[in-house]
Protein chains: 2
Amino acid sequence: MEEKEISQAVIGRLPRYLRYLGELKDEGVERISSQELSRIMNVTASQIRQDFNHFGGFGQQGYGYNVEYLYTEIGKILGIDQTHKLIIVGVGHLGQALANYMNFERRGFLVRGLFDQNPEITGTMVRGIPVRPMEELESFIGENDIDIGVLTIPKEGAIPVSKRLVDCGIKAIWNFAHVDLEVPDGVQVENVHLSDSLMKLSYNITRFEKEQR
Amino acid sequence: MEEKEISQAVIGRLPRYLRYLGELKDEGVERISSQELSRIMNVTASQIRQDFNHFGGFGQQGYGYNVEYLYTEIGKILGIDQTHKLIIVGVGHLGQALANYMNFERRGFLVRGLFDQNPEITGTMVRGIPVRPMEELESFIGENDIDIGVLTIPKEGAIPVSKRLVDCGIKAIWNFAHVDLEVPDGVQVENVHLSDSLMKLSYNITRFEKEQR
DNA sequence: TTTTTTTTGACATATATTTAACAAAGGGAT
DNA sequence: ATCCCTTTGTTAAATATATGTCAAAAAAAA
């Protein structure tokens, strides 16, 4: 079905489609046209049709798209029809926030292990999951078939830990540390650089104020 | 100096430039050419020159760019030469994580107030800042000249709270709730949709595995 | 000094992304 | 059944973004 390379621009929009389709589904809406969805989501109908068409004909002329079917298919494309096992490295506030965020579990992202360097934290429990010392990282990943490593540690430790994760054969790293990781091809990295995001906000505040003057 | 509209694509790259320039500055590097920076940052030299040039000639032919000057100027463009006062609405794990993240303070983002609905949390302190009840939101913003509201509450409450923030004349909202906010023109919104980010990661894992086969 | 080398800024080209337009498919009404 | 209306999938055009090239400016070397 899907053959040609899909641009990251399109992929980046899929989760938002999924969210709106999920809401429509919950409201009991059976079908929707690109035009109506475009009105709800504030994007062009043309873009919606083009995006959906990358993955094969989900729609039907004169009818529109079946909400449930479309929801399922986009979920499959995003790979959330399968479960992903993850560990969180760095059980500070952010690590704990993520460990406690149940919505990930609903999407099939299962928190299987927590790791921290600090001996005062190791041994404690977070949402029923014990915090393990860093020494156990390699053995735990090997024994528990972990796909994703979540890095919520300060930037200083991020690169060495990412190397350890890569050496264990981890498939992906969700990186909250404020550095760029270097990983071999085939290991996926998704960065969440919160301060970058905040600076963009700051830029837009300043820009708007300048425009006013 | 800066007149024409700068694309968000360029703006999105500025924080990363700032990060690398800051590191170079700390290492005592005085000047750098687009070519060398391109090697370090893994982008084309052409893009770097084009980006920097949007904001006026920072560089000098035959010499390159002065690291310190460039760092300062990009900081100014991003508006981090000024301080921003912010409040965090929703003192769950994520709200606390952000409240405790000192690096924002170093960039001039000052956490001035914390708010929560839950009476068990209000009255407690987080990093020396008292958690206030939601009823005090309007008066606090008015009296403390708050620029940015950080929304770290579940999606259900996000839209009504965003309306209250907008009515108080807030300039910007940093939105961690998993909904799209509707705000009037002139109020800046920056979304951090963590589950979207995780789904992109999931897509790339799946895509790579399909490619291998 | 003069020459050579480096390196920017600008422009031209290539690529990517978004939007517009429309024929053809199919639903729904008569 | 037939016609009309809706709506897709697709192709074309427009826009945006990224890359390549090079003259000219300035530094460094001779």
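Each chain gets a letter, A, B and so on, in the order the sequences are listed, and its residues count up from 1.
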Does atom NZ of B/K155 have more than 12 heavy-atom neighbours, drawn from other residues, nucleotides or ligands, at distances under 6.0 Å?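 No, not enclosed.
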Is any side-chain nitrogen or oxygen of [X] closer than 4.0 Å to OP1 or OP2 of [N]?
X: A/N53; N: D/dT10; value: yes
X: B/T44; N: D/dT19; value: yes
X: B/S7; N: D/dT17; value: yes

Set of side-chain contact (heavy atoms from CB on, under 4.5 Å) partners for [X], sequence neighbours left out:
X: A/H178; result: A/H193, A/S195, A/D196, B/R19
X: A/K163; result: A/I159
X: A/K76; result: A/T72, A/E73, A/D81
X: A/K85; result: A/R112, A/D145, A/I146, A/D147

Proximity to the side chain of A/S33 - top-ranked nucleotide from D/dT7, D/dG9, D/dG20: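 Closest nucleotide to the A/S33 side chain: D/dT7.
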According to the side chain to side chain donor-acceptor pair (under 3.5 Å) rule, which pairs have a member within residues 30-50 of chain B, sequence neighbours left out?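 Residue pairs with at least one partner in residues 30-50 of chain B: B/S34-B/R49.
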Please give, in whole Å, the distance from [N] [atom2] to [X] [atom1]?
X: B/D51; N: D/dT17; atom1: CG; atom2: P; answer: 11 Å
X: B/Q47; N: D/dA16; atom1: CD; atom2: P; answer: 17 Å
X: A/R39; N: D/dT7; atom1: CZ; atom2: P; answer: 12 Å

Between which nucleotides of DNA chain C, 5' to 3', does chain B make heavy-atom contacts below 4.0 Å?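 Boundary nucleotides touching chain B, in 5' to 3' order, are C/dT6 to C/dC11.
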Scan residues 9-18 of chain A against DNA chain D and write down, sorted by residue number, each residue with any heavy atom closer than 4.0 Å; if none is found, say none.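 Contacting residues: none.
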Position toward the 5' end of DNA chain D (nearest nucleotide), A/Q50 or A/G64: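 Here A/G64 is the residue nearer the 5' end.
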Which pairs pass ring pair (Phe, Tyr, Trp, His ring centres under 6.0 Å) with one or both residues in residues 71-99 of chain A, sequence neighbours excluded?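 Every pair satisfying ring pair (Phe, Tyr, Trp, His ring centres under 6.0 Å) with a residue in residues 71-99 of chain A: A/H84-A/F109.
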Could you give all pairs that pass the ring pair (Phe, Tyr, Trp, His ring centres under 6.0 Å) test and reach residues 18-40 of chain A, with sequence neighbours left out?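 Ring pair (Phe, Tyr, Trp, His ring centres under 6.0 Å) check on residues 18-40 of chain A returns no pairs.
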Need the pair for C/dT2. Rule: Watson-Crick or G-U wobble, both distances under 3.5 Å, any strand; none if unpaired.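 D/dA29 is the nucleotide pairing with C/dT2.
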Name all residues meeting the salt bridge (charged side-chain N to carboxylate O under 4.0 Å, His left out) criterion together with A/R132; count only those two or more places apart in sequence or in a different chain, and write none if there are none.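 For A/R132 the salt bridge (charged side-chain N to carboxylate O under 4.0 Å, His left out) partners, ignoring immediate neighbours, are A/E136.
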Run the salt bridge (charged side-chain N to carboxylate O under 4.0 Å, His left out) test against B/E138 and tell me which residues pass, sequence neighbours left out.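 In terms of salt bridge (charged side-chain N to carboxylate O under 4.0 Å, His left out), with neighbours along the sequence ignored, B/E138 is linked to B/R164.
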5' to 3', nucleotides 22-28 of chain D under a 4.0 Å protein heavy-atom cut-off (B base, S sugar-phosphate only, - none) gives B-BBSSS
Does the side chain of B/N204 come under 3.5 Å of the side chain of A/Q8 through a donor N or O and an acceptor N or O?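 Result is yes, a qualifying pair exists.
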What's B/Y65 touching, base or sugar-phosphate or nothing? Going by heavy atoms closer than 4.0 Å.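 Sugar-phosphate contact only.
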For A/Q8 and A/S46, find the nucleotide of DNA chain C closest to each by heavy atoms; which residue's nucleotide sits nearer the 5' end?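 By nearest-heavy-atom nucleotide position, the 5'-most residue is A/Q8.
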